[in-house]
Amino acid sequence: MLTIKQWLLCLDEMDRMFPDAHCELVHDNPFELTIATLLSAQCTDVLVNKVTKNLFQKYKTPEDYLAVPLEELENDIRSIGLFRGKAKNIQKLSQRLLDVYGGEVPANREDLVTLPGVGRKTANVVLSVAFGVPAMAVDTHVERVTKRLGLCRWKDNVLQVEETVMKKTPIEKWSKTHHQLIFFGRYHCKAQKPGCNECPLFDLCREGQKRMKKGLVTR
DNA sequence: ATCCCGAGGG
DNA sequence: CCCTCTGGAT
């Protein structure tokens, strides 16, 4: 496992690699970010942005999403995976926002996760990005990268990963670190082909050392 | 543990 | 062809 000092060195390096890592889901308000994040499940944000560009022109409010038949909304997001469930959840979420929250997205986790289609990960993204509340959303990239580096254990579940990353990271850096881990996972430490050969974090990385011993890395 | 589920890359 | 993508509900 990485020591705290080693982890802080990783953070320094990621500051150099991705000084302006940020949320790449295009949005103008908490409601749009909630929809975009819901749509981003098992889907690249490039695809989400392609869909929301038209979607957010057509639908501005929860009422707008409820004003069309489910099939129409499905068609409007069809190019995204899991479109049937996501369309249904968007309408149910819109209904609940109107019924319980006055049409506004709530700014706390307990209420957010009661929204259909919104789990802990999505809630943490909305909290952190839309409301500036410290949170750590653990997605596929954060999980893979922190486990490869050796900050977390391979058997950890997402909640354990979330707790470990928050515990080891200064709270004022949570948001930036979250996006840097995503950029690092998305553009460098990829699922299929981790770029160990040219990785600035190689000397700190447990998986890198393993791959080195296996002769998979040439440095 | 399993299902949902299309686009994009290798 | 196979794998992955800022997961959530059952």
Side-chain angles (χ1 to χ4, degrees), chain A residues 14 18 20-27 30 32-55 70-71 73-97 105 109-131 133-149 152 155-162 165-166 169 174-197 216:
Chain A
M14 287 195 292
F18 309 106
D20 45 22
H22 61 283
C23 177
E24 293 196 302
L25 293 171
V26 177
H27 63 282
E32 286 190 355
L33 179 64
T34 304
I35 300 296
T37 309
L38 185 156
L39 290 174
S40 74
Q42 300 298 94
C43 177
T44 62
D45 56 352
V46 174
L47 231 346
V48 173
N49 290 336
K50 201 177 294 183
V51 165
T52 56
K53 182 176 181 183
N54 300 320
L55 196 71
L70 179 58
E71 295 72 26
L73 182 54
E74 285 181 353
N75 275 323
D76 288 334
I77 66 171
R78 185 169 289 271
S79 59
I80 288 189
L82 315 179
F83 66 90
R84 290 189 185 88
K86 287 173 181 176
K88 191 175 298 180
N89 279 334
I90 288 173
Q91 288 199 329
K92 290 172 67 178
L93 175 149
S94 296
Q95 188 65 59
R96 182 166 173 81
L97 284 184
V105 176
R109 186 183 294 113
E110 308 86 82
D111 288 326
L112 280 169
V113 296
T114 69
L115 301 174
V118 176
R120 190 179 180 90
K121 181 261 172 182
T122 299
N124 283 339
V125 170
V126 172
L127 280 176
S128 175
V129 175
F131 296 118
V133 177
M136 182 59 62
V138 177
D139 58 35
T140 180
H141 294 300
V142 174
E143 181 172 7
R144 182 180 68 253
V145 167
T146 57
K147 288 184 176 181
R148 277 181 177 167
L149 285 172
C152 303
K155 63 175 183 177
D156 287 349
N157 58 39
V158 289
L159 201 54
Q160 292 173 306
V161 171
E162 180 182 326
V165 178
M166 289 192 296
T169 308
W174 286 2
S175 178
K176 178 64 90 177
T177 298
H178 164 65
H179 292 109
Q180 287 172 331
L181 286 170
I182 288 176
F183 273 52
F184 181 53
R186 181 183 295 159
Y187 302 118
H188 195 112
C189 192
K190 301 178 186 178
Q192 308 103 314
K193 201 166 72 75
C196 299
N197 287 338
L216 298 172

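Computed over heavy atoms, backbone and side chain alike; hydrogens, waters and symmetry mates excluded. Just so you know, these numbers come straight off a predicted model, no measurement behind them. In what follows, chains are A, B, ... by sequence order, proteins preceding strands, each numbered from 1.
Here A/L47 contributes atom CG and A/S40 contributes atom OG; the two are 11.0 Å apart, rounded to the nearest 0.5 Å. Summarising the geometry, atom CG belonging to A/L181 is positioned 12.5 Å from atom CD belonging to A/E143; distances are rounded to the nearest 0.5 Å. The distance from atom CZ of A/R120 to atom CG of A/L127, rounded to the nearest 0.5 Å, is 9.5 Å. A distance of 8.5 Å separates CD of A/Q91 from CD of A/E74, quoted to the nearest 0.5 Å. Atoms NE2 and CD1, on A/H27 and A/I35 in that order, are 12.5 Å from each other to the nearest 0.5 Å.
In this structure, A/Q42 atom CD and B/dG8 atom P are separated by 17 Å, rounded to whole Å. The separation between A/K121 atom NZ and C/dT6 atom C1' is 3 Å, rounded to whole Å. Atom CD of A/Q192 is separated from atom P of C/dT4 by 6 Å (rounded to the nearest Å). In this entry the distance linking CD1 of A/I182 with C1' of C/dG7 reads 13 Å, nearest Å. Atom-to-atom, CD of A/E74 to P of B/dG6 comes out at 11 Å; the value is rounded to the nearest Å. In this entry the distance linking CG of A/D45 with P of B/dG8 reads 13 Å, nearest Å. What separates CZ of A/R78 from C1' of B/dC4 is a distance of 14 Å, to the nearest Å. Here the P atom of nucleotide C/dG7 and the CG atom of A/L115 are 18 Å apart, to the nearest Å.
When the nearest nucleotides of DNA chain C are assigned to A/K92 and A/L82 by heavy-atom distance, the more 5′-ward of the two goes with A/L82. Comparing A/G185 and A/G119, the nucleotide of DNA chain C nearest to each residue sits closer to the 5' end for A/G185. Comparing A/K50 and A/G81 by the nucleotide of DNA chain B whose heavy atom lies nearest to each, the residue mapping closer to the 5' end is A/G81.
Taking the side chain of A/S79 as heavy atoms from C-beta on, and the options C/dT6, B/dC4, B/dA7, the nearest nucleotide is B/dA7. Taking the side chain of A/A191 as heavy atoms from C-beta on, and the options C/dT6, B/dG6, C/dT4, the nearest nucleotide is C/dT4. Counting only heavy atoms from C-beta on, A/C23 has its side chain closest to C/dT6 among C/dT6, C/dG7, B/dG8. The listed nucleotides are C/dG7, B/dG6, C/dT6; the one nearest the side chain of A/A41 is C/dG7.
Rounded to the nearest Å, the gap between the C1' atom of C/dC2 and that of B/dC5 is 16 Å. With both ends at atom P, the span from B/dA7 to C/dG8 equals 22 Å, rounded to whole Å.
Within the 4.0 angstrom heavy-atom criterion, no nucleotide atom of any strand lies near A/V158.
Residue A/H141 places at least one side-chain N or O closer than 4.0 Å to OP1 or OP2 of C/dC5. At C/dT6, none of the side-chain N or O atoms of A/T122 fall inside 4.0 Å of OP1 or OP2 (strictly under the cut-off). Distances shorter than 4.0 Å separate some side-chain N or O of A/R186 from OP1 or OP2 on C/dT6. Between A/R144 and C/dC5 there is a side-chain polar atom (N or O) within less than 4.0 angstrom of OP1 or OP2. An OP1 or OP2 oxygen of B/dC5 is reached within less than 4.0 angstrom by a side-chain nitrogen or oxygen of A/R84.
Salt bridge present: A/R186 and A/E24 bring a charged side-chain N and a carboxylate O closer than 4.0 Å.
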